[in-house]
Amino acid sequence: MSVRHASVHAKWIIGRVIGTKMYKTAKVRVTRLVLDPYLLKYYNKRKTYFAHDALRQCTEGDIVLLKALPEARSKHVKHELAEIVHKVGRVVDPLTGMSVEGTQFVEPPTDLPLSLGEDQTLSEKLQELNISTAPSGADSPPAQNPTS
Amino acid sequence: MPMKGRFPIRRTLEYLQKGDIVFKNRVKIMTVNYNTHGELSEGARKFVFFNIPQIQYKNQWVQVMMFKNMTPSPFLKFYLDDGEQVLVDVEGKDHKHISDHVRKIVGKTEEVLQAEAQAKMQESNPANFGPRKYCLRECICEVDGQVPCPGTIALPKEMTGKYRTMMAAAQEE
């Protein structure tokens, strides 16, 4: 009976993605605090895990939550991606729900297709901007808005 | 010769054992997001500096991770076994306040801890003899004042089974 198919000790772990070059697999570095026996101080000890990422959502630098699979998927992959806790570059503050950059709040990017309540088409947005080169209509201004 | 560092008392076994936050069995991961500058994160910074070693010492199997300067507001997050997550806002709070709050929501209560300590004491009953892993002594021959081990010192003739059966047989006839 090979030990390889036994379930893993760590059921839930959090780590940082360090590599996504494998097919639907994320390489995740997990740090745990380990007590140095002489200094009696805690230091981070790192370990890499491979996690199955079926939708290829991870990018390098994400903080992810992994869940242990009931059975090992392959020799090294024993976990799967449960949730991306902090997406790199698009961190969302859990208390306010706003996107955040370091210690500053950031305006959510307006060109996202998922922006709330934005039903305007691109042409309507351009109309709002009200661009025109000449005040009078002697020469047809190049940025005349199409009335479609 | 004084110890090295800012608050070297944090690096003593006595201080680590004094920690009283023991997480419930369901808690698997603890995450602390805090900032290195700013008044609002001061409590969180002190919590990380003073209380995290105590917590990790008492909860060896919980993964504790610290994130610095990721969000403007500091918070704690606990990941429980069934996928449940507990979010704790620690903005502007004092580190004592934070640790009390944490103990109230995800820590084992005093009664549970005492019951566990009692159960542990009952398991290690000095009246039991057995393998070293479970009991203090293996055989009564180890105790001072008792009959020494016949493996090392021969028993007096009157105590051996062989002599006794011989005497009993001689008595019968």
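So you know, we letter chains A, B, ... as the sequences are listed, proteins then strands, and number each from 1. Note that the coordinates shown come from a computational prediction; the quantities given were computed from them, not determined experimentally.
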I'd like to check [X] versus [Y] (side-chain heavy atoms, cut-off strictly below 4.5 Å). Are they in contact?
X     : Y     : result
B:R11 : A:L39 : yes
B:Q56 : A:L35 : no
A:I63 : B:T31 : no
B:T71 : A:T96 : no
B:F75 : A:L95 : yes

Any donor and acceptor pair, going by atom type alone, linking the side chain of A:W12 with main-chain N or O of B:G83 inside 3.5 Å?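 No; judged by distance alone, with no hydrogens or angles, the pair does not exist.
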Looking at [X], I'd like to know if its [atom1] atom is crowded, meaning that more than 12 non-hydrogen atoms belonging to other residues, nucleotides or ligands lie closer than 6.0 Å.
X     : atom1 : result
B:K46 : NZ    : no
A:K27 : NZ    : no
B:I9  : CD1   : no
B:K68 : NZ    : no

Pick one of side chain, backbone, both or neither for [X], based on which atoms fall under 4.5 Å of a heavy atom in chain A.
X     : value
B:L13 : both
B:N33 : side chain
B:N69 : both
B:M70 : both
B:M66 : side chain

Which answer fits A:V85, side chain, backbone, both or neither, if we ask what part of it has an atom under 4.5 Å from a heavy atom of chain B?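 A:V85 touches chain B through side-chain heavy atoms alone.
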Below 4.5 Å from any heavy atom of chain B, which atoms of A:I13 appear? Answer side chain, backbone, both or neither.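 For A:I13, heavy atoms of backbone and side chain both lie under 4.5 Å from chain B.
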Does the plane of the ring in A:H86 sit parallel, tilted or perpendicular to the ring in B:F67? Use 30° and 60° as the thresholds.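 A:H86 and B:F67: perpendicular rings.
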Return the [atom1] to [atom2] distance between [X] and [Y], rounded to the nearest 0.5 Å.
X     : Y     : atom1 : atom2 : value
A:L65 : B:K77 : CG    : NZ    : 9.0 Å
B:I29 : A:I14 : CD1   : CD1   : 4.5 Å
B:I55 : A:Y42 : CD1   : OH    : 10.5 Å

Do A:F50 and A:I18 land in one hydrophobic cluster if side-chain heavy atoms of ILVMFWY residues count as linked below 4.5 Å?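 No: no chain of side-chain contacts under 4.5 Å links A:F50 to A:I18.
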If Ile, Leu, Val, Met, Phe, Trp and Tyr residues are connected whenever their side-chain heavy atoms lie under 4.5 Å apart, and connections chain through other members, are B:W61 and B:L113 in the same group?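 No, no single cluster joins them.
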Who wins among A:R32, A:E83, A:K67, A:Q104 for the most heavy-atom pairs under 4.5 Å with chain B?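 Top count of heavy-atom pairs under 4.5 Å with chain B: A:E83.
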Counting heavy-atom pairs under 4.5 Å to chain A, which of B:H37, B:K28, B:R10, B:Q63 comes out on top?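 It is B:Q63.
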